[in-house]
Amino acid sequence: MTSMVESPTPWRGETLQAQSEEWLYQLSGAEIATIVTAAQSAVERGCPLSELAREDYPMTGLEAALTDWRDRIDHGHGMVLIRGLPVRSIGREVAAAAYWLIGLQLGQPTAQNPLGELLVDIRDTGAPPSDHNVRLYKTRAELAFHTDGADIIGLLCLRGAKAGGVSRICSSVEVYNQVVARRPELAPLMEQQFYHHAHGQLGPDGPKTFRYPIVSREGGIFRMMLLTWYIRNAAEDFPEIAALSDEEESLLDLLEWLPLEPGIALDMNFQEGDMQFLKNSVVLHARTDYEDWDSAEEKRHLLRLWLNVPEFADGDDRLRHGFAQEADA
């Protein structure tokens, strides 16, 4: 556990910030037309997005771009930002269909909550971020660096914030390597099973916690799942089973601090129509807090997809099928 990870290649935001061609893909006019035409056709069918099949919308003319996006996600830096979808002019329904159809080309949409929602609205609902059963994407609060529960995490920006709300990402491989370099005695702790607060995601009568390691290197394949506030909230609410040792606290402090160190993270200030896709096993993501617009129509609004891709060698079937099998309390 104390050896560095060389593949997938770790990267630093300070390098990629000046090399946008490594992670930014600008849609051409012809590619936009292909996507919008397919989305309009899907909307005209009048059926739910969940009933649309990948083979019915082959995105003819977008093959090279799709190959490029998949390669960047699976074999490159683990992410891509696709720019240029005209979400304001085509409207939310067509924009959502376009985003969904692109998602189908990259993976299989999976449920993001106990309600089984496949396409989730990311916006401020007025819920209090201090409530441990409130998922922070429903607030304007800052989101610390973390991972989610699928192979690919996607966001589509319909409307941006008045100020703030910057998407921040970093290489989890680089973060891991920094732990090994600076505090090698803490590195083995990342492979142990930590109690995580379920935050109501396992149903009202379901378990209140689940156990999961931060890092796995089984078979020489690296993956990280980082949700430090889930671990801290479990320790606070269920100290009888989830209390943290001083070393575990030190590890969580380090994992929270490292992505904030200058040079580690890559910042993406979303524009309307931006589609961001991240490989969950090797990329951490965060969001700064934000100030919203007064107009309801202009308030910050993103759509989120979680996509499973069984072909990904570093995917984790436990995440693909939910947290329940690791649940306790």
Side-chain angles (χ1 to χ4, degrees), residues 20-110 112 117-123 150-160 167 169 268-280 283 285 297 300-309 311-312:
S20 61
E21 70 279 1
E22 293 288 325
W23 50 271
L24 177 63
Y25 187 100
Q26 179 68 51
L27 291 169
S28 69
E31 290 168 340
I32 292 171
T34 294
I35 296 169
V36 172
T37 298
Q40 289 172 333
S41 175
V43 169
E44 288 169 3
R45 284 185 58 181
C47 62
L49 294 179
S50 59
E51 296 180 11
L52 301 180
R54 172 179 176 174
E55 57 269 20
D56 293 336
Y57 300 90
M59 296 285 190
T60 303
L62 206 67
E63 295 90 348
L66 287 165
T67 297
D68 178 75
W69 302 341
R70 293 190 199 101
D71 188 63
R72 295 191 195 208
I73 295 168
D74 195 18
H75 304 295
H77 297 301
M79 46 82 176
V80 64
L81 183 73
I82 304 162
R83 177 160 288 168
L85 188 67
V87 294
R88 191 176 287 264
S89 63
I90 63 179
R92 184 198 182 284
E93 188 175 19
V94 174
Y99 177 49
W100 180 270
L101 292 177
I102 290 173
L104 286 181
Q105 296 293 326
L106 298 175
Q108 180 59 45
T110 188
Q112 301 180 41
E117 291 182 289
L118 300 176
L119 187 63
V120 170
D121 293 288
I122 306 296
R123 54 189 171 189
D151 293 318
I152 294 177
I153 310 304
L155 290 172
L156 165 65
C157 180
L158 297 175
R159 298 289 185 272
S167 172
I169 66 173
M268 297 181 177
N269 203 351
F270 285 155
Q271 298 180 15
E272 288 184 8
D274 280 356
M275 290 177 282
Q276 180 194 70
F277 293 99
L278 309 175
K279 194 177 191 184
N280 194 54
V283 177
H285 60 281
E297 292 76 18
R300 185 181 190 271
H301 188 183
L302 279 64
L303 297 178
R304 186 176 68 192
L305 274 175
W306 284 4
L307 303 171
N308 283 336
V309 189
E311 296 82 11
F312 280 6

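Along the sequence shown, residues are numbered consecutively beginning with 1.
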side-chain contact (heavy atoms from CB on, under 4.5 Å) assessment of Arg54 paired with Gln105
CA-CA 6 Å; Arg54 172 179 176 174; Gln105 296 293 326; 3.5 Å; yes

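- Considering only heavy atoms from C-beta on, Lys279 comes within 4.5 Å of Phe312 through its side chain.
- Remark: the backbone N or O of Gly273 is not paired with any side-chain donor or acceptor of Tyr99 at under 3.5 angstrom.
- A distance-only check finds no donor-acceptor pair linking the side chain of Asn308 to the backbone of Gln108 [under 3.5 Å].
- Here the CD-CG distance, from Gln271 to Leu85, works out to 12.5 Å after rounding to the nearest 0.5 Å.
- Annotation: side chain of Glu311 is not in contact with side chain of Asp74 (no heavy-atom distance under 4.5 Å).
- Between the side chain of Trp100 and the main chain of Leu49, a donor-acceptor pair closer than 3.5 Å is present.
- Here His285 contributes atom NE2 and Met268 contributes atom CE; the two are 12.0 Å apart, rounded to the nearest 0.5 Å.
- Of all the heavy atoms in Leu101 and Met59, the pair that sits closest is CB-CE, 3.4 Å.
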Determine, stepwise, if the pair Ile122 / Arg300 fulfils side-chain contact (heavy atoms from CB on, under 4.5 Å).
CA-CA 8 Å; Ile122 306 296; Arg300 185 181 190 271; 4.3 Å; yes

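- Annotation: the span from Ile73 atom CD1 to Asn280 atom CG amounts to 12.0 Å, rounded to 0.5 Å.
- Between the CD1 atom in Ile153 and the CG atom in Leu307 there is a gap of 8.0 Å [rounded to 0.5 Å].
- In plain terms, the two heavy atoms of Tyr57 and Ser41 that are nearest each other are CE2-OG, 4.0 Å.
- In this structure, the separation between SG on Cys157 and CE on Met275 is 11.5 Å, given to the nearest 0.5 Å.
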Worked check of side-chain contact (heavy atoms from CB on, under 4.5 Å) between Val87 and Arg92:
CA-CA 7 Å; Val87 294; Arg92 184 198 182 284; over 6 Å; no

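- Interatomic distance, CH2 of Trp69 versus CD1 of Ile82, reported as 4.0 Å (0.5 Å rounding).
- Looking at Gln112, its side chain does come within 3.5 Å of a backbone N or O of Leu118 through a donor-acceptor pair.
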Step by step, work out the side-chain contact (heavy atoms from CB on, under 4.5 Å) result for Leu303 and Asp121.
CA-CA 5 Å; Leu303 297 178; Asp121 293 288; 3.2 Å; yes

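- Annotation for Ala39 and Ala98: closest pair CB-N, 3.5 Å, computed over non-hydrogen atoms.
- For the side chain to side chain contact (heavy atoms under 4.5 Å, CB included) with Phe270, the qualifying choice from Arg83, Gln276, Arg159 is Gln276, the only one to do so.
- Across Leu52 and Leu104, no two heavy atoms sit closer than the pair O-CD1, 3.6 Å.
- Nearest heavy atoms, Pro109 versus Leu305: CB-CD2, 4.3 Å.
- Checked by atom type and distance alone, the side chain of Glu31 pairs as donor or acceptor with a backbone atom of Ser28 at under 3.5 Å.
- Contact record, Arg72 with Glu21: NH1-O, 3.3 Å, taken as the closest heavy-atom pair.
- Judged by distance alone, the side chain of Glu63 and the main-chain N or O of Gly61 form a donor-acceptor pair under 3.5 Å.
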